[in-house]
Amino acid sequence: MREVWWISLIKAAVIVNLIMVAFAYTTWLERKLLGRMQNRYGPNRAGPFGLLQPFADLIKLVRKESFFPSAAHESLYIAAPIASMFTALAAFAVIPFGAGWKIWHYHVDGEIANVSIALILIFALGSIGVYGAIVGGWASQSKFALLGSMRTCAQLVSYEVSLALSVLGVVLMGQSLNLVDIVNKQGATIWFFIPQFAGLLVFLFAMIAETSRPPFDLPEADTELVAGYHTEYGGMRWGLFQTAEYINLITLSALAVTLFFGGWHGPYAPLGPVWFLLKVFVFVSAFIWIRASVPRLRYDQLMRFGWKVLLPVATINAVITALLVVWVS
Amino acid sequence: MALAPERPRIYEGSRIPSPIPSVLELSNALRSSQDVLTVNFGPNHPSTHGVLRLVVDLHGEEVVGLAAVVGYLHTGFEKNMEQKSWWKAITYAPRIDYVSFQNNELVFVLAVEKLLQIDVPPRATWMRMLLAELNRIHSHLVWLGTAALELGAISMFWYCFRERDRILDLFELVAGFRMHTRYFQVGGLAEDIPPGFFDECAKFVELMPHAIDDYESLVDRNQIWLERTQGIGLLSRADAIALGQSGPVLRGSGVDWDLRRAQPYLAYDQVDFRVPVYQEGDVYARYRVRMEEMRESVRIVDQALRRLPGGAWIADDRKVVLPPREELHTSMESLIHHFKIVTEGFSVPEGEVYVTVESPRGELGCYVVSDGGPRPWRVKFRAPSFVALEATATCMRQALVADLIAIVGSLDTVMGEVDR
């Protein structure tokens, strides 16, 4: 049964706003959790438990004067954060968060867009999003930003390879590139993190690198490159880069849940989206935890790790999975 | 995470750049190429301690040229001290190196005392040693926190500062100030040790070894930390000596030299402590030296706490030391001495003296010349940070940008002391 077009439209509007709220509270959660892990309180001034802190930050960022270096390439400089932000938001459209419902006599899907090549779409959007960081750093005409861009180029491009290869096993087992089919397959058989454990590990490492979170936060290593590619950005333009980064984190966490942890499946089926949210929450918290505990890798170590460890593991995993799938069927 | 480990190996021969030992110059081939990017790290940069400016030539991520520019924090401490009476000049000393304040205060006071030939009561001597060691732990904690922060281990900073705060609490308890205490007075201590200090300090002594265990468990078993520090920023034994290094940098390069043992001052010859020495000469060795020094400092504090003698806390020399408060109302002479010391200051016999102590950063020297008047004629500090900074270029061979940060961090320079 197909969804009526205006339902999709309403759903898209709702989900985009939900994602923005989720992003806002991910920053809150990160600061709160980091604070607790580091013997401090984290934000606690704006509202109860600092719950209004994200909005205070937003107002501050929006009201800031958006000045930029006179040497910057203006149009590219302005377009870069928008590109980052757009691709980050768009990628979430294909992630299924529920089984689909029947409300009155309309059918409502559990995702915004049911695309048959959803997985490829997500990676394609991610690849475009990288341009935001690369172009933004280059257009700033600043040395630190340029260094950050160079690192971004190298890091994101090389880890994208591992990221894509790591999910190949899941695609083979789910026999589809459609995320809904993959989740349904997991519901019918077994959550894929058990047979695809190696794939999951590679995916997680590559995912941290893709979202440039510690210990792979080299593109914006604050102690080395000041702020990396967004050194020359301020106000809400900087805010857009940050938003993109956190939404990428949420999207990729959601993707990990979808591909390896059975998506919306859980003990009590009608609570689908709740299970989905809980799983994503666990992932996001784990990444915050990682940030609190490990030092940053060096550039050459990062590259070595990506090409010499992750890529072979992902490749071998994909080949073995393929052989097993053929053998079983 | 099996990143191919490279055995830390110290190099043969000398790596000190010539003609200027502290400047790594571009090779001619690179100078004529278009591939080198010159970047200013600092004076306002998130990772430089204070206002160090490094002019770095980068070939991709590799550091191919380096020159440190110092002087942004020059405050003229030494010249200022010449304008003040001996009494007031003491307050300037701790502000030079604001992280190892107590040791700076100590070295100046010791220099003045050496000129005066004054006998310091044992209670003051032991208490000075105790506070100097507490200050060493404080300094190393600040170093560990910031160095780990620079390598991306952000939580370490807060854990270190938690214990650092306990040390500052102890200083506050003793002197009323958390930093720059001015508790060391020519002739002894400014006041007697307050009751309650011993209990609090004993609690700290009990707590600190566990805290150090925690730090080590957080970074020492972390593969990334080891990868980032081992074999990085090599400085050989011969180069370290040639560059005049001291303190943890020297001991990290395999030279067994510690002024506390080589030329014992205070009561260091009466306490039992080990001098950690590591042969590797890399960032990791310097880190290990500092960690073990913290443990040894805790042991010294513990011993000093148990064996601290009673009696007077300041020498009874009315020409130099303020008379007790209650005598001012009964004794005319005391009142006159008090007035003279407070207004004019005491006079120090003519002469010159150089006194060294082992500060957390190495050999901290104080050269003082007196013309017999109430003010120092010349004060000069031998700042270990400044000397350590000269090793930057030597350590920076085959380093990447990220190593640059680790190396500068491992040398533990305090810009206040470098620029004075």
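Every chain is numbered from 1 and lettered A, B, ... according to where its sequence line falls, protein lines coming before strand lines.
Within 6.0 Å of CD in B:E206 there are 12 or fewer heavy atoms belonging to other residues, nucleotides or ligands. In the displayed structure, B:Y72 atom OH is contacted under 6.0 Å by more than 12 heavy atoms of other residues, nucleotides or ligands.
Here the CG-OH distance, from B:D403 to A:Y299, works out to 14.0 Å after rounding to the nearest 0.5 Å. Atom-to-atom distance recorded for B:L37:CG and A:F144:CZ is 9.0 Å, nearest 0.5 angstrom.
Remark: B:D213 pairs with B:R295 by the salt bridge (Lys or Arg N to Asp or Glu O under 4.0 Å) rule, at least two apart or across chains.
Across every non-hydrogen atom of A:R151 and B:A402, the tightest pair is NH2-N, 4.4 Å. Counting all heavy atoms, side chain and backbone alike, B:N222 lies closest to A:P295 at ND2-CD, 3.2 Å. When every heavy atom of A:R298 is checked against every heavy atom of B:I232, the shortest pair comes out as NH1-CD1, 2.9 Å. In this structure, B:E227 and A:Q301 approach most closely via the heavy-atom pair O-NE2, 3.1 Å.
The closest donor-acceptor contact from the side chain of B:S155 to the backbone of A:S293 lies at 3.5 Å or more, if one exists at all.
With a 4.5 angstrom heavy-atom cutoff, B:R162 touches chain A only via side-chain atoms. If you measure heavy-atom distances from B:L58 to chain A, the contacts under 4.5 Å come from the side chain alone.
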Between A:R291 and B:I154, is a side chain to side chain contact (heavy atoms under 4.5 Å, CB included) present by the stated rule, with each step listed? CA-CA 8 Å; A:R291 177 174 177 189; B:I154 47 174; 3.8 Å; yes
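Checking each of B:F157, B:W158, B:F161 against A:Q38 for a side-chain contact (heavy atoms from CB on, under 4.5 Å) leaves exactly one that passes, namely B:W158.
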